[in-house]
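Just so you know, these numbers come straight off a predicted model, no measurement behind them.
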Amino acid sequence: MPASTDLAAHPLTLWTGSLGLPDFTRIGDDDFAPVFDAALKAHEAEIAAIAGNPEAPSVANTLVALELSGQALDRVSSIFWCKAGANTNDAIQALERDVSPKMARHFSAISMNEKLFSRINDLYQRREKLDLDAETLRVLEKTWKGFVRSGAKLDAAGKKRLAAINEELSSLGTKFGQNVLADERDCVLFLDADDLAGLPDFLKSAMAEAAEMRGRKGRYAITLSRSIYEPFTTFSERRDLREIAWRAFTKRGENGGASDNTAVVRAMLALRTEKAKLLGYDSFAALKLDDTMAKTPKAVHGLLDPVWRKALEKAAADQSEMERLATATGSNEKFSAWDWRFYQEKLRAEKFAFDEAELKPYLQLDNVIAACFDVATRLFGITFEEKKGIPAWHDDVRTFVVKNADGSERGLFLADHFARPSKRSGAWMSSLQSGYKLGDGAAPVIYNIMNFAKPPAGEAALLSVDEAKTLFHEFGHALHGLLTEVTWPSVSGTSVSRDFVELPSQLYEHWLTVPQVLEKHALHVATGKPMPKTLLDKMLAARTFGAGFATVEFTASALVDMAYHARAEAPVEPLRFETETLSALHMPDTIAMRHRTPHFGHVFAGDGYSAGYYSYMWSEVLDADAFSAFEETGDAFNPALAKKLKDNIYAAGGSKDPEELYRAFRGKMPTADAMMEKRGLV
């Protein structure tokens, strides 16, 4: 491994691997710490040079210089955070605990640099006289507001306290995520063949592979990966085992000992409240929503509250039906949360004469990937060419060259699909490199991370409908990064307001169930034959089945997130507050939040979706309306509409206000009606 920390030559910062990627064969865990230190110092020097420039502030010597600074730090960071999420170990986790507060301290110092802010402020005050194009003006305004919201106008004592808060929050967020990963890694229930009553073959294979991965060949493992937990609780006839699995899944981060997140959450909520007040906001939600489409907690509740009421009604009706089925089987047990998925699947079979197990053989991972690519080609003209044997952070990673319609290269797409103990749960999109045109420019290098159950060698990976939607969802995010056409790095790709960022991803999900897409790509794993029209029709007819359950578990999480952060004072006992909030909402005891507080990584493993989990539904209002535009034309691939979609949504990044971008595509802003109908709540 390289011993030098010369940033111009180190493989973490000088990418000399195939296709312009990092050469992962030359990168070891011990390389990160010294390169981080060197990159931080280099960035500090760049910032000092910009802030201390004796020339009058200009866009070139201040705003451009700031945007293009820290490229070495960007490169080492992108590789490190990818590995920390997708293939971590004790050494990486130890470094993560060290690097997180160090990075927070570094960026706090930049945001509170008086000389640097003075130069930005000078440009901002003169912005109307600088003859700036629309994108540059937006970048200047966002930069100025970012400095102010990061404490640039605070006095010395305020700046010092805010920097300390940011550093502590960063450390706590890292601890939260690592605690959840520890529970997910360590909580495994090994079963024998006699324990598998009701389980379909695809699930048995996945559980056998999970057990073998953990050194228990010949047994079957229930893990806390959704790709195993959810189908197990859907199909297992062993109610006792369903209960064990449900309790373990919902108690992640709340098991006492070193991995318990109760104290972490309490501290984070208190610090967030203090931060908001320090910056002049009534609550942390007010601070976070200030730069979103929603703007206020009141507007968020204006969306969530009516949906919640409809979802409760729908869930209650479904539960009554499922209790009828349970009684018919002779069960005298009280209907409980670990029964819901099991009887919901039986109710689906009764209503639509098919079950999830019938669909899986038609949803091979490779075919669903091909469907993702096919839709992108038909909508946007881009193509994907896989390159074998390219080293990455794990052997499972697949690499694709992305090409424009004229054959020129647009960027790279990497995909890491399978669950493993070294990977945090969930699914996400990120980048090793964003695409932009400023300076020398850069081509996007985008990746998707999934947690599908890995099949035994030689067998095809089969997905559920929800997993196939997840693949389309994250690929929609990837397209947002790959199709970007902006000049400035800070507004590239997914660098948009939190409640707009889910529009490209959730909108893309719609194309999975377009009949001509399924007819072409939903081919049986054994016969290669297309999904029969009768099964396809049943699947499409059942699209909104289970809407009550799905909407309750999601909306409960969004409402609790908002309740935590819209308060003027942080709750002293967060888990009791969670219980009290759900009780006031009349949350059914037969449904759990999709993400309970102790493992709510969106909100507590960093700052990303804090006071922002509602944004999935906010974007859903937009995506339902946006797909309706295609439906209104009678062509899911309408060329004129696809061009408007690309130009104004996928390629525009954060270069304009999101409402302006949406209106340019659709001609109007939507109501929630299409979303409610899409969810089956009306």
Side-chain angles (χ1 to χ4, degrees), residues 161 164-184 186-187 224 246-279 281-289 297 300-301 304-305 308 312 336-337 552-614:
R161 179 56 189 152
I165 290 172
N166 288 338
E167 187 174 333
E168 191 169 353
L169 281 172
S170 181
S171 293
L172 288 167
T174 296
K175 185 175 183 180
F176 183 98
Q178 291 188 358
N179 285 346
V180 175
L181 178 62
D183 276 5
E184 291 174 342
D186 297 340
C187 186
L224 299 186
W246 181 87
R247 292 191 182 282
F249 192 78
T250 56
K251 291 280 285 185
R252 289 170 294 155
E254 194 192 1
N255 290 302
S259 65
D260 193 283
N261 272 327
T262 306
V264 177
V265 170
R266 183 188 304 118
M268 291 186 79
L269 290 173
L271 288 166
R272 285 173 174 173
T273 301
E274 183 184 356
K275 176 177 179 175
K277 290 183 176 179
L278 195 58
L279 290 169
Y281 291 87
D282 293 336
S283 67
F284 187 73
L287 168 63
K288 285 299 295 288
L289 292 171
V300 172
H301 279 284
L304 295 180
D305 292 351
W308 178 250
L312 286 180
S336 299
V552 165
E553 66 164 8
F554 167 82
T555 313
S557 297
L559 287 167
V560 168
D561 168 41
M562 194 53 57
Y564 275 138
H565 293 108
R567 292 166 52 90
E569 300 294 334
V572 177
E573 295 297 336
L575 297 188
R576 183 167 65 192
F577 180 80
E578 175 194 89
T579 300
E580 291 170 350
T581 300
L582 293 175
S583 177
L585 289 168
H586 305 292
M587 176 77 168
D589 62 5
T590 51
I591 304 177
M593 294 166 63
R594 184 163 182 83
H595 306 285
R596 285 199 56 242
T597 298
H599 53 259
F600 204 165
H602 285 76
V603 171
F604 294 110
D607 196 30
Y609 283 83
S610 54
Y613 194 64
Y614 78 92

*What residues, two or more places apart in sequence or in another chain, satisfy side-chain hydrogen bond (donor to acceptor under 3.5 Å, both in side chains) together with T590?*
Q319

*Just jot down the side-chain contact (heavy atoms from CB on, under 4.5 Å) partners of E580, sequence neighbours excluded, or say none.*
R576

*Are any non-hydrogen side-chain atoms of W308 and L585 less than 4.5 angstrom apart?*
yes

_Donor-acceptor contact present, side-chain S583 to main-chain T579, <3.5 Å_ = no

_On a heavy-atom basis, which atom in M587 and which in A592 lie closest, and how many Å separate them?_
CE-C, 3.7 Å

*Might you point out which heavy atoms bring A558 and L304 nearest each other, and give the distance in Å?*
CB-CD1, 3.9 Å

*side-chain contact (heavy atoms from CB on, under 4.5 Å) partners for A267, two or more places apart*: L172

_Point-to-point distance, once rounded to the nearest 0.5 Å, from OH of Y614 to NE2 of H301_ = 11.5 Å

*How far apart are the C-alpha atoms of L169 and D607, what are their side-chain angles, what is the distance that settles it, and do they pass the side chain to side chain contact (heavy atoms under 4.5 Å, CB included) test?*
CA-CA 9 Å; L169 281 172; D607 196 30; over 6 Å; no

*Residue pair A337 / D589: nearest heavy atoms and the distance that separates them*: CB-O, 4.1 Å

*Selection residues 168-184 - residue pairs positive for salt bridge (Lys or Arg N to Asp or Glu O under 4.0 Å), sequence neighbours left out*: E184-R252

*Could you state the interatomic distance from OG (S171) to CG (N166), rounded to the nearest 0.5 Å?*
11.0 Å

_Strictly distance-based, threshold 3.5 Å: is any side-chain N or O of S610 a donor or acceptor partner for the main-chain N or O of G606?_
no

_Using the ring-ring contact (aromatic ring centres under 6.0 Å, His included) criterion, which residues pair with W246? Sequence neighbours excluded._
W338

*Please name all residues satisfying side-chain contact (heavy atoms from CB on, under 4.5 Å) with A605, sequence neighbours left out, ordered by chain then number.*
F176

*asked:* Using only atom types and a distance under 3.5 Å, with no angle test, would you say the side chain of T273 pairs donor to acceptor with the backbone of L269?
replied: yes

*Taking the side chain from R266 and the backbone from V572, do they hold a donor-acceptor pair closer than 3.5 Å?*
yes

*Taking only residues two or more places apart in sequence or in another chain, which ones pass side-chain hydrogen bond (donor to acceptor under 3.5 Å, both in side chains) with T555?*
none

Distance-only donor-acceptor pairs under 3.5 Å for side chains of residues 562-570, two or more places apart:
{"from": "Y564", "atom 1": "OH", "to": "P574", "atom 2": "O", "distance (Å)": "2.9"}
{"from": "Y564", "atom 1": "OH", "to": "T597", "atom 2": "OG1", "distance (Å)": "2.8"}
{"from": "H565", "atom 1": "ND1", "to": "D561", "atom 2": "O", "distance (Å)": "2.9"}
{"from": "H565", "atom 1": "ND1", "to": "D561", "atom 2": "OD1", "distance (Å)": "3.0"}
{"from": "H565", "atom 1": "NE2", "to": "R272", "atom 2": "NH1", "distance (Å)": "2.9"}
{"from": "R567", "atom 1": "NE", "to": "E569", "atom 2": "O", "distance (Å)": "2.8"}
{"from": "R567", "atom 1": "NH2", "to": "E569", "atom 2": "O", "distance (Å)": "3.3"}
{"from": "E569", "atom 1": "OE2", "to": "K277", "atom 2": "NZ", "distance (Å)": "2.6"}

_Contacts of Y613 that satisfy ring-ring contact (aromatic ring centres under 6.0 Å, His included) - sequence neighbours left out_ = F554, H595, F600, H602, Y616

_When you compare the side chain of L559 with that of D305, does any pair of heavy atoms fall below 4.5 Å?_
yes

*Taking only residues two or more places apart in sequence or in another chain, which ones pass side-chain contact (heavy atoms from CB on, under 4.5 Å) with D260?*
E254, T262

*Residue pair H586 / L312: nearest heavy atoms and the distance that separates them*: O-CD2, 3.9 Å

_Residues forming a salt bridge (Lys or Arg N to Asp or Glu O under 4.0 Å) with D282, sequence neighbours excluded_ = none

*Pairs in or reaching into residues 249-268: which pass ring pair (Phe, Tyr, Trp, His ring centres under 6.0 Å), with residues at least two apart or in two chains?*
Y229-F249

*How many angstroms lie between atom CD of E573 and atom CD of E578, to the nearest 0.5 angstrom?*
12.5 Å

_Closest approach of P588 to V552 (non-hydrogen atoms, all atoms of both residues)_ = CD-CG1, 4.2 Å

*So how far is it from L224 CG to D186 CG, rounded to the nearest 0.5 Å?*
10.0 Å

*State, to 0.1 Å, how close A248 and C187 come at their nearest heavy-atom pair, and which atoms those are.*
CB-SG, 3.7 Å

